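In this text, all values refer to a predicted model and were calculated from it rather than measured experimentally.
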Amino acid sequence: CTPTATPIPQIRYEGVTDLEVVLKSGVVVDGGLLPEPETAVTVYGDGNISLHAEDGTVIRNALWPAVDVASTSGSVDVRVDEVYGGSAGVAAVAGADVTVWANHVEGDVAIMAHSLGGNVLVDVASVHSGAGGAGVWASSEHGNVGILAGEVFSIGDNGTGLYASTQSGS
């Protein structure tokens, strides 16, 4: 996607296989422009699924998740610049490895990364979470979990800055 004069309300791909979505610098996706509440950027499929939003991009959605990327059988790779979400900033789930790289993400749970069968790595410069949420919530059923975070703000009662969990990894 290339920049437009006005924000794009939604980017949505479902049922895809081995897809890389690239948002060029200057692209703004604003889910708040949708007539009904929905996720601003959704990419669901099989195989290796990637969302690469270059520096200078903004993805926002005040009530719903801003970004939701999932693969049932492969890996998920999410690279974003600025994301402002409601219930979640970035949600990434996969049957294999999950990698999330971000400059700045906000949401009740800023980044949620989960793998059913691989490793999880989250590398973020800055996250801000809401009450009862988490800056980064990363987990794996059968792999290792790593979180690298520069700045973490968890605001309100019962918030968690960083949460990492694995059933059979390290």
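Counting heavy atoms of neighbouring residues, nucleotides and ligands inside a 6.0 Å radius, atom CH2 of Trp137 exceeds 12 of them. More than 12 heavy atoms of other residues, nucleotides or ligands lie within 6.0 Å of OH in Tyr44, so this atom counts as buried by the packing criterion.
Two residues are said to be in side-chain contact when any heavy atoms from C-beta on lie closer than 4.5 Å; Glu82 and Glu106 fail this criterion. Side-chain contact between Pro3 and Lys24: present, with at least one pair of heavy atoms (C-beta onward) separated by less than 4.5 Å.
Judged purely by distance below 3.5 Å, without hydrogens or angles, the side chains of Asp30 and Asn61 never pair a donor atom with an acceptor atom. One side chain, Glu151 or Ser126, offers a donor N or O that lies under 3.5 Å from an acceptor on the other. For the residue pair Ser140/Thr166, the side-chain donor-acceptor check at 3.5 Å is not satisfied. In this model, a donor atom of one side chain and an acceptor atom of the other lie less than 3.5 Å apart for Glu20 and His52. Side-chain contact, Ser87 with Asp108: no donor N or O sits under 3.5 Å from an acceptor N or O.
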### Task
Before giving the answer on side chain to side chain contact (heavy atoms under 4.5 Å, CB included), spell out for Ile49 and Val16 the whole-Å C-alpha distance, their side-chain angles and the decisive distance to 0.1 Å.
CA-CA 8 Å; Ile49 304 295; Val16 297; 3.9 Å; yes
Would you check, one step at a time, whether the test side chain to side chain contact (heavy atoms under 4.5 Å, CB included) holds for Val120 with Val100?
CA-CA 8 Å; Val120 174; Val100 178; over 6 Å; no
- request: Applying side chain to side chain contact (heavy atoms under 4.5 Å, CB included), run through Asp77 and Trp101 and close with a yes or a no.
  value: CA-CA 8 Å; Asp77 182 39; Trp101 300 83; 4.0 Å; yes
Where do Leu51 and Val41 land on the side chain to side chain contact (heavy atoms under 4.5 Å, CB included) test, with the steps shown first?
-> CA-CA 9 Å; Leu51 170 65; Val41 176; 3.9 Å; yes
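By the criterion of side-chain heavy atoms lying less than 4.5 angstrom apart, applied directly or through intervening Ile, Leu, Val, Met, Phe, Trp or Tyr residues, Tyr163 is not grouped with Val124; the two fall into different hydrophobic clusters. Residues Val109 and Val80 are members of separate hydrophobic clusters, defined by side-chain heavy-atom contacts under 4.5 angstrom among Ile, Leu, Val, Met, Phe, Trp and Tyr. Using a 4.5 Å cut-off between side-chain heavy atoms of Ile, Leu, Val, Met, Phe, Trp and Tyr, with links allowed through other members, Val21 and Val67 fall into the same hydrophobic cluster. Cluster annotation: Val69 is connected to Val27 through the hydrophobic network of ILVMFWY side chains, with a link wherever side-chain heavy atoms come within less than 4.5 Å.
If you run side chain to side chain contact (heavy atoms under 4.5 Å, CB included) between Asn103 and each of Asp55, Thr57, Val83, only Asp55 comes through. Residue Asn48 forms a side chain to side chain donor-acceptor pair (under 3.5 Å) with just one option from Ser71, Ser75, Ser73, and that option is Ser75. Val122 pairs in a side chain to side chain contact (heavy atoms under 4.5 Å, CB included) with only one of the listed residues (Leu162, Val136, Val90), which is Val136.
A donor-acceptor distance shorter than 3.5 angstrom exists from the side chain of Glu54 to the backbone of Ser25, with no hydrogens or angles considered. Under a 3.5 Å cut-off, the side chain of Asn119 and the backbone N or O of Asn144 do form a donor-acceptor pair.
The nearest pair of heavy atoms linking Trp64 to Pro37 is NE1-CB, 2.7 Å. Val98 and Ala92 get closest at one heavy-atom pair: CG1-CB, 3.8 Å. The minimum heavy-atom distance linking Ala94 with Val76 is given by the pair CB-CG2, 3.7 Å. Nearest heavy-atom pair, Val145 versus Ala164, reported as atom, atom and distance to 0.1 Å: CG1-CB, 3.8 Å. Nearest heavy atoms, Ala66 versus Ile59: O-CG2, 3.7 Å. Here the closest non-hydrogen pair linking Pro7 and Arg60 is CG-NH2, 4.4 Å.
Here the OG-CD1 distance, from Ser129 to Ile155, works out to 7.0 Å after rounding to the nearest 0.5 Å. Rounding to the nearest 0.5 angstrom, the gap separating the CG atom in Leu116 from the OG1 atom in Thr72 is 9.5 Å. Between Leu34 atom CG and Leu63 atom CG the span is 11.0 Å, to the nearest 0.5 Å. Separating the OH atom in Tyr13 from the CG atom in Leu19 is a distance of 6.5 Å, to the nearest 0.5 Å. Taken to the nearest 0.5 Å, the CG atom of Leu33 stands 10.5 Å off from the CD1 atom of Ile8. Ser139 OG to Met112 CE: the interatomic distance, rounded to the nearest 0.5 Å, is 7.5 Å.
Under 4.0 Å is where a charged nitrogen must lie from a carboxylate oxygen, and between Glu38 and Arg12 at least one such pair does.
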